[in-house]
Amino acid sequence: MTNDQQVAAAAASDLSDQERIRLEKLEALQAAGEDPYLITKCDVSHHAQEVINDFDELEEKTVTVAGRLMSKRGMGKVGFSDLQDTTGRIQIFSKIDVLGAEDYEKWQSLDIGDLVWIEGQVFRTNRGEISIRNTGWLLLSKSLRPLPEKFHGLRDTDTRYRKRYLDLIMNPDVRDTFIKRSIIIQTIRQELMDRDFLEVETPQLNTVAGGASAKPFVTHHNALDLDLFLRISPELYLKRLIVGGFERVFEIGRNFRNEGMSTKHNPEFTMMELYQAYTDYHGMMDLTEDLVVSAARAVLDDLQITYQGVEIDLNPPFRRMTMLDAVKEYAGIDFREIEDDADAHRVMAERVVPDVLPEMSRGELLNHCFELYAEEKLVQPTFLMDYPIEISPLTKRKPDSNGLVERFELFIGGREYGNAYSELNDPIDQKERFADQMKKHEAGDEEAQLPDEDFVEALEYGMPPTGGLGIGIDRLVMLLTDSGSIRDVLLFPTMRPLT
RNA sequence: GCACCAUUAGCUCAGUCGGUAGAGCAACUGACUCUUAAUCAGUAGGUCCAGGGUUCGAAUCCCUGAUGGUGUACCA
């Protein structure tokens, strides 16, 4: 035995019976000069769904189709198969009288999973199923591994995420989800372009990871011998473009945050961020409503939806309420009557609010109470308005308020979908806010926002009053496709490698 | 990070009290000229996630690890 033969024999012994048989079929074809991998192209006149939709015109006409063989029902001298292409499935009827004994034999030896091209006439079987009468066919590619079982499909979540191609072959719902994802993104893009927004791309490699409070991924540029951070948000770059005179910009792209994973968090996720000059967060609320409703209409028949068993009404207008009112309503604590930090801590102690840290300010305690008592209650779409300044270092102050800023987040089903501000355009204030963040960072807060001097300099040249908005695309897709996990709306979610 | 659960044939799953490893689909052989989860007869297919331990004997009990799921923490 030569070395090559030994390697081949060892490899063959690792194969399951089914894989070995398929490999032998391929080798037999190749030996007979019928190597399917030599085929470079084929003419396809119709897709499966078109044959079905246009049956009246196509009946008894010859069509050509191509796709994957998904099932075989042999009846002796006739056989039925299902061919799956990007639009769906069409039944193929093969008959020994039509193909001839030798060709029919070859057809019957095909395996489920094989990719084939077929020419034939469209007709309806005795049982009424629209089918194609196979008059000629080609094997386009051999499937050397058996597909998952036809009835239950592929269930194992691990395999579904790691081998998404199998998931897509076997589970039509998964295809549907990703088609809807594309439509949702396309709809949002079109809505923004219709409103004269310019689509831009800003750096994903940042020297300062700004625009959000999150731990960044670190990487290294060899030629510059420089550590770089994957962006946690495009915000500071997009606002530089507003300074530069583009009045409406948006970016749809990936953000990276080095944090825990959950059904709602993936280390890389898709964000839509936009900035519009000469408007404020009220303008952003109107725009958010339009975008969410357009996306929903594009993929759903009804704005009255069910998400994971919860009824949600996406009909605008969405409820608008302030954080102060939410905490008053759901926690029974009225922060309007709380003057300062000491006062706030006194009330927290009185009410036995859990997880209060001594260093928390009045504003942080307001947010703490919101997250603790109110957030999960915001099931119907709600713009939660007016956040504490401490947790919003890039946002314009709300006039005549005690430490609040013009910021809202959109909550649906107790979950955050979007975040928007009247953007802070006062460079001196911005510099002070960064300084405050720096203090927190030095005090050990890893997620405090680091100062971006260049961004402050940009503001010093003058940025118009501007509204900004970010929408988490993955979560929106989850909502509109009734997906329980972010992994179900990411084609290739982050997974640990198999060692 | 922590807790709990899962991991058995290519796939979907059973496996009782610790006592020879099971089914359906898929595959293979045969029958069958309108089936559609085709049907019928037969055959083959296993590192029970990995490594230790307890035991006369482990898929099953214990420990460690891997991967996934769920919850939770962190994360607006």
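Quick caveat, the model's predicted, so the values are computed rather than measured. Proteins come first, then strands; the chains are lettered A, B, ... in the order of their sequence lines, and each starts at number 1.
Atoms CZ (A:Arg487) and C1' (B:U70) sit 12 Å apart, rounded to a whole Å. One can place CD1 of A:Ile486 at 16 Å from C1' of B:G69, the figure rounded to the nearest angstrom. Spacing between atom CE of A:Met70 and atom C1' of B:C11 amounts to 12 Å, rounded to whole angstrom units. The CG atom of A:Leu83 sits 21 Å away from the P atom of B:U35 (whole-angstrom rounding). Rounded to whole angstrom, the span from the CZ atom of A:Arg162 across to the C1' atom of B:U7 amounts to 13 Å. Across the protein-nucleic acid pair, A:Glu259 atom CD and B:C75 atom P stand 8 Å apart, rounded to whole Å. Distance, A:Glu268 CD to B:C75 P: 22 Å, rounded to whole Å. B:C74 atom C1' lies 13 Å from atom CG of A:Leu357, rounded to whole Å.
The side chain of A:Arg496 contributes an N or O atom lying less than 4.0 Å from OP1 or OP2 of B:U67. Taking only side-chain nitrogens and oxygens, A:Arg73 never comes nearer than 4.0 Å to OP1 or OP2 of B:U36.
A gap of 15 Å separates the P atoms of B:U8 and B:G51, to the nearest Å. Nucleotides B:G22 and B:G45 have their P atoms positioned 13 Å apart, rounded to a whole Å. With P as the reference atom, B:U16 and B:A59 are 12 Å apart, rounded to whole Å. Comparing B:C56 with B:U39, their P atoms are spaced 49 Å from each other, to the whole Å. Nucleotides B:G42 and B:C63 are separated by 46 Å at their P atoms, to the nearest Å.
Under the 4.0 Å criterion applied to side-chain N and carboxylate O atoms, A:Asp167 and A:Arg164 are assigned as salt-bridge partners.
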Donor-acceptor pairs are to be reported for all side-chain atoms of residues 73-82 of chain A against protein atoms at under 3.5 Å, with residues two or more places apart or in another chain.
residue: A:Arg73; atom: NH1; partner: A:Ser71; partner atom: OG; Å: 3.2
residue: A:Arg73; atom: NH1; partner: A:Asp82; partner atom: OD2; Å: 3.1
residue: A:Arg73; atom: NH2; partner: A:Gln91; partner atom: OE1; Å: 2.8
residue: A:Asp82; atom: OD2; partner: A:Ser71; partner atom: OG; Å: 2.6

Annotated protein contacts, base or backbone, on nucleotides 22-33 of chain B with a non-hydrogen cut-off under 4.0 Å, one of B, S, - each
--BBBSS---BB
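Under the side-chain hydrogen bond (donor to acceptor under 3.5 Å, both in side chains) criterion, A:Asp482 pairs with A:Gln308, not counting sequence neighbours.
Contact detail for A:Val405 and A:Pro388: the closest heavy-atom pair is CG2-O, 4.2 Å.
Looking at A:Glu129, its side chain has no donor and acceptor atom pair within 3.5 Å of the base of B:U35.
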